[in-house]
Number of protein chains: 2
Amino acid sequence: MNTPNLTKNQALVLDVLSRSEQPMSAYTILDKLRDNGFRAPLQVYRALEKLLDFGLVHRLESLNSFVACSHKHESCCQHHGTVAFAICEKCGQVSEFHDHAIDDRLRGWAQQKGFKAEKTTIELRGLCSACMG
Amino acid sequence: MNTPNLTKNQALVLDVLSRSEQPMSAYTILDKLRDNGFRAPLQVYRALEKLLDFGLVHRLESLNSFVACSHKHESCCQHHGTVAFAICEKCGQVSEFHDHAIDDRLRGWAQQKGFKAEKTTIELRGLCSACMG
DNA sequence: CAATCTATGTAATAACATAACACGACCATT
DNA sequence: AATGGTCGTGTTATGTTATTACATAGATTG
């Protein structure tokens with residue numbers, strides 16, 4: 001899944017997400033793109049679907065929101081196994097990380113149980129160091 | 001957080017969830033409980049909120065659904081650290097498991113980054129062994 | 001040119017979740 | 001018994017997230 005040329009809508013959505021410090025819901029993205037001709041949620045969801053496929057964007061399940069992948073451009077996260085997220089409840093900052101040991105344990109469990117994992121979600125909700133005070 | 005006596009609504013919701021082979025959305029639960037006098041989503045959500053607190057029910061973030069905790073009664077999951085779920089896309093079966101090594105790695109990452117995790121979500125989506133064929 | 005594929009636009013609706021307000025049961029204290 | 005507090009509950013309305021269905025336009029290819 002190499003990152004192909006993006007369509008206009010995909011580029012707009014990715015741009016908005018990339019500039020944001022925080023995850024955004026589809027509807028927030030929609031609002032930001034009204035001036036660019038976006039009228040309906042579907043325009044956002046369709047762009048997001050592709051961007052997720054390309055690995056340029058991640059979906060945060062526990063927030064029903066989306067973030068741009070923090071691994072800037074070219075050859076993104078595919079190489080790193082599962083992506084984990086630490087989400088600060090206070091400031092909204094999201095840290096993306098990878099851990100091979102965790103991947104191994106999950107793979108081990110799946111193998112032992114005969115479970116074939118297509119997609120793995122790991123999300124920590126809490127407070128980042130800056131917000132702990 | 002010991003498991004206290006449940007109220008009528010909490011008991012009804014837990015009962016419905018416990019009998020189900022699959023995770024249920026709040027609205028599906030609501031439908032099942034119409035005959036018991038449930039009329040509005042809030043009745044379900046309020047019961048779920050408490051059951052989640054008690055650790056008798058888990059929320060599956062990637063499904064916007066709920067399951068009864070598989071550790072039957074008394075002294076549930078609190079003792080096991082983070083709970084992980086493997087969810088079969090085909091049959092809906094959910095397997096709940098715990099892994100101390102994963103807990104350790106996540107704790108290690110958090111400690112190193114100064115992140116205080118309040119709640120951790122681990123969900124595998126895929127196919128269970130019975131559905132792989 | 002037709003056939004097809006992909007991206008797009010629009011409207012309507014479905015699915016998930018919460019806010020706001022009211023009422024009654026229970027319990028403690030006065 | 002009266003007061004006040006907390007908690008569970010019921011109801012209506014509303015807010016938020018996501019999808020279905022249908023129509024159009026452009027590019028590509030046989």
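Naming convention: chains lettered A, B, ... in sequence-line order (proteins, then strands); numbering from 1 in each chain.
- At least one donor-acceptor pair closer than 3.5 Å links the side chain of A:Q22 to the backbone N or O of A:C91.
- Between A:N5 atom CG and D:dA27 atom C1' the separation is 14 Å, expressed in whole Å.
- Whole-Å rounding puts the A:L52 CG to D:dA18 P distance at 11 Å.
- Taking side-chain N and O atoms only, B:N64 has a distance below 4.0 Å to OP1 or OP2 of C:dA17.
- Following rounding to the nearest Å, A:D53 (CG) and C:dA7 (P) show an atom-to-atom distance of 10 Å.
- Side-chain contact annotation: A:S70 with A:E96, donor-acceptor N/O pair under 3.5 Å present.
- The side chain of A:Q43 places no N or O atom within less than 4.0 Å of a non-bridging phosphate oxygen (OP1 or OP2) of C:dT8.
- B:L6 places its CG atom 13 Å from the C1' atom of D:dG8, with the value rounded to the nearest Å.
- Contact check, A:S25 against D:dT17: a side-chain N or O comes under 4.0 Å of OP1 or OP2.
- Summarising the geometry, the separation between CG on B:L42 and P on C:dC16 is reported as 16 Å, rounded to the nearest angstrom.
- Distance CE (B:M24) to C1' (C:dC16): 15 Å, rounded to an integer number of Å.
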Working for side chain to side chain donor-acceptor pair (under 3.5 Å), residues B:S62 and B:E123: CA-CA 7 Å; B:S62 66; B:E123 297 177 17; 2.5 Å; yes
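- The phosphate of C:dT6 has neither OP1 nor OP2 within less than 4.0 Å of any side-chain N or O from A:K50.
- Residue A:T7 has its side chain nearest to C:dA7 when only C:dA7, C:dG9, D:dT9 are considered.
- Between the CG atom of A:L48 and the C1' atom of C:dT8 there is a distance of 15 Å, given to the nearest Å.
- Between A:H71 and A:H98, the two ring planes are tilted [angle within 30° to 60°].
- Side-chain proximity of B:Y45 to D:dG10, C:dG9, C:dT18: nearest is C:dT18.
- When heavy atoms are screened at a 4.0 angstrom cut-off, A:A40 is found touching base atoms of the nucleic acid.
- Nearest heavy atom pair, residue B:G37 against residue B:Q43, reads O-NE2, 4.1 Å.
- When the P atom of D:dT9 is taken as reference, atom CG of B:L12 falls 9 Å away, rounded to whole Å.
- Here B:R39 lies in heavy-atom contact (under 4.0 Å) with sugar-phosphate atoms only.
- The two atoms that bring A:G55 and A:C69 nearest to each other are O-CB, 3.6 Å, heavy atoms only.
- Distances were taken from every side-chain heavy atom of A:R59 (C-beta onward) to each of C:dT8, C:dC16, D:dA18; the shortest belongs to D:dA18.
- Take the nearest nucleotide of DNA chain D for B:P41 and for B:N9: the residue whose nucleotide is more 5' is B:N9.
- Listed nucleotides: C:dT10, C:dA7, D:dT9. Nearest to the side chain of A:R46: C:dT10.
- With hydrogens and angles left out, the side chain of A:Y27 and the base of D:dA18 share a donor-acceptor pair within 3.5 Å.
- The listed nucleotides are D:dT11, C:dG9, D:dT9; the one nearest the side chain of B:K8 is D:dT9.
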